[in-house]
Amino acid sequence: MLGFSVNGTKGNMQIETLSWKGEAEGTLEMIDQTLLPTQFKTLGFSGGNLEGVWEAIHSLRVRGAPAIGIAAAYGVCIGLQSVLDETDEAAFFKRLDEVATSLAGSRPTAVNLFWALDRMRKAAGETRRLMDETGTFSAREVATRMLAEARAIHEEDRRICHAIGKSGEPLIPDGAGVLTHCNAGGLATSEYGTALAVFACAHEAGKNIRVYADETRPLLQGARLTAWEMLQRGIPVTVICDSMAAQVMREGKVQAVVVGADRIAANGDTANKIGTYGVACLAHLHGIPFYVAAPKSTFDLTLATGDAIPIEQRNPEEVTRGFGRQTVPDGVDVYNPAFDVTPAKYIKGIITEFGVVSPVTEENIRAMLGKPAASKETQG
Ligand code: MRU
């Protein structure tokens with residue numbers, strides 16, 4: 001568990017990106033990541049406030065692929081709070097469908113969101129079948145089973161992130177400078193992170209590392225969140241503007257790059273925060289190994305290559321009026337894709353909870369996921 005502080009002075013409070021308090025009618029609590037690093041505030045959602053959870057995901061109050069998945073799973077439980085006493089089975093499942101469809105529209109790129117919603121629907125379907133067999137329908141019972149599924153998704157992510165850290169740690173040499181883009185840390189997952197778990201494990205193993213955190217325009221997840229997390233963990237961190245990565249590499253300060261992922265296609269092409277592709281090209285040019293760290297739930301074998309990954313387009317004001325100050329003249333056209341796709345050929349290895357996939361080929365990815373090419377299944 002991380003210690004807690006605002007703006008750098010380490011304190012003792014525990015932080016958890018997301019937590020659920022109570023039973024089916026309980027409360028989803030989440031850290032509002034848009035306020036960090038200057039304010040630490042926890043939001044609570046209850047009483048069927050599905051719109052609140054949707055807005056929190058859409059506005060990046062909770063963000064990062066695994067955390068979005070966990071938030072969506074709990075979001076389903078929030079959405080079902082309005083039908084806990086429903087006696088009409090069809091009405092209950094209609095509401096479930098509305099809730100899952102709504103949450104699926106909150107953000108398009110991170111496949112963990114859809115993976116988690118799919119798991120929640122399957123859990124509901126199984127419970128429904130059992131109830132149909134006995135002829136007893138209880139909305140509360142289905143909702144309780146679904147909360148258990150959301151909790152399982154959350155718990156599994158904790159274990160997975162620690163396993164990812166262990167898989168990746170041997171790739172980080174003692175004394176290394178390591179560069180990352182965006183935030184793939186505890187805030188973006190259940191508590192430990194993916195890319196940042198690798199750094200945390202290297203640090204815990206006694207390796208002397210320094211993290212170079214790209215500030216990550218336009219929403220500054222690297223400057224605001226990765227730097228904050230590294231401070232909490234006592235890992236030396238240096239924030240650089242995105243445009244400085246080439247120079248820092250040229251100066252020999254970086255021995256490895258590790259980033260997270262939002263969706264990985266069958267051939268290993270990887271969508272991650274906008275700017276990641278440029279970092280991968282730079283790493284390639286400088287002969288620096290570029291790794292992606294991600295759990296099984298981030299792979300999407302239904303997509304043959306990264307060309308098919310949907311790229312979220314966000315509000316131009318994030319570019320023109322970032323954090324409240326206008327920096328672009330009125331009336332200028334702005335393009336604001338939130339993600340880009342790094343071709344598999346630039347990725348030295350994908351660090352997963354099962355080990356490192358390298359070289360990055362469809363065959364090796366399928367072998368790691370236990371989904372040989374002939375398999376009809378695509379997820380899970
Ligand atoms: O738009 P964001 O902040 O949700 O983008 C997050 C990223 O790109 C992360 O690198 C990715 O989701 C992995 S988080 C473990």
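Whatever order the structure lists them in is the order used to number ligands and atoms, beginning at 1.
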The test is side chain to side chain contact (heavy atoms under 4.5 Å, CB included); show your working for Leu96 and Val142 and say whether it passes. CA-CA 10 Å; Leu96 168 61; Val142 183; over 6 Å; no
Members besides Val319 in its Ile/Leu/Val/Met/Phe/Trp/Tyr cluster (side-chain heavy atoms under 4.5 Å): Val334
With sequence neighbours left out, which residue pairs that include part of residues 276-297 fulfil the ring pair (Phe, Tyr, Trp, His ring centres under 6.0 Å) condition? His284-Tyr346
Can you sort out the partners of Glu204 under side chain to side chain donor-acceptor pair (under 3.5 Å), two or more places apart, ordered by chain and number? Tyr192
With a 4.0 Å cut-off on N to O distance, would you call Glu126 and Lys122 a salt bridge? no
May I ask you to decide if Ile31's main-chain N or O and Lys41's side chain share a donor-acceptor pair within less than 3.5 Å? no
For ligand 1, what N or O to protein N or O distances fall under 3.5 Å?
unit_1, atom_1, unit_2, atom_2, d
ligand 1, 1 (O), Arg107, NH1, 3.4
ligand 1, 1 (O), Arg107, NH2, 2.8
ligand 1, 1 (O), Lys273, NZ, 2.7
ligand 1, 3 (O), Arg63, NE, 2.6
ligand 1, 3 (O), Arg63, NH2, 3.4
ligand 1, 3 (O), Gln221, NE2, 2.9
ligand 1, 4 (O), Gly64, N, 3.0
ligand 1, 4 (O), Arg107, NH1, 2.8
ligand 1, 8 (O), Asp262, OD1, 2.8
ligand 1, 8 (O), Asn272, OD1, 3.0
ligand 1, 8 (O), Lys273, N, 3.2
ligand 1, 10 (O), Asn272, OD1, 2.6
ligand 1, 12 (O), Ala65, N, 2.8
ligand 1, 12 (O), Asp262, OD1, 3.1
ligand 1, 12 (O), Asp262, OD2, 3.0

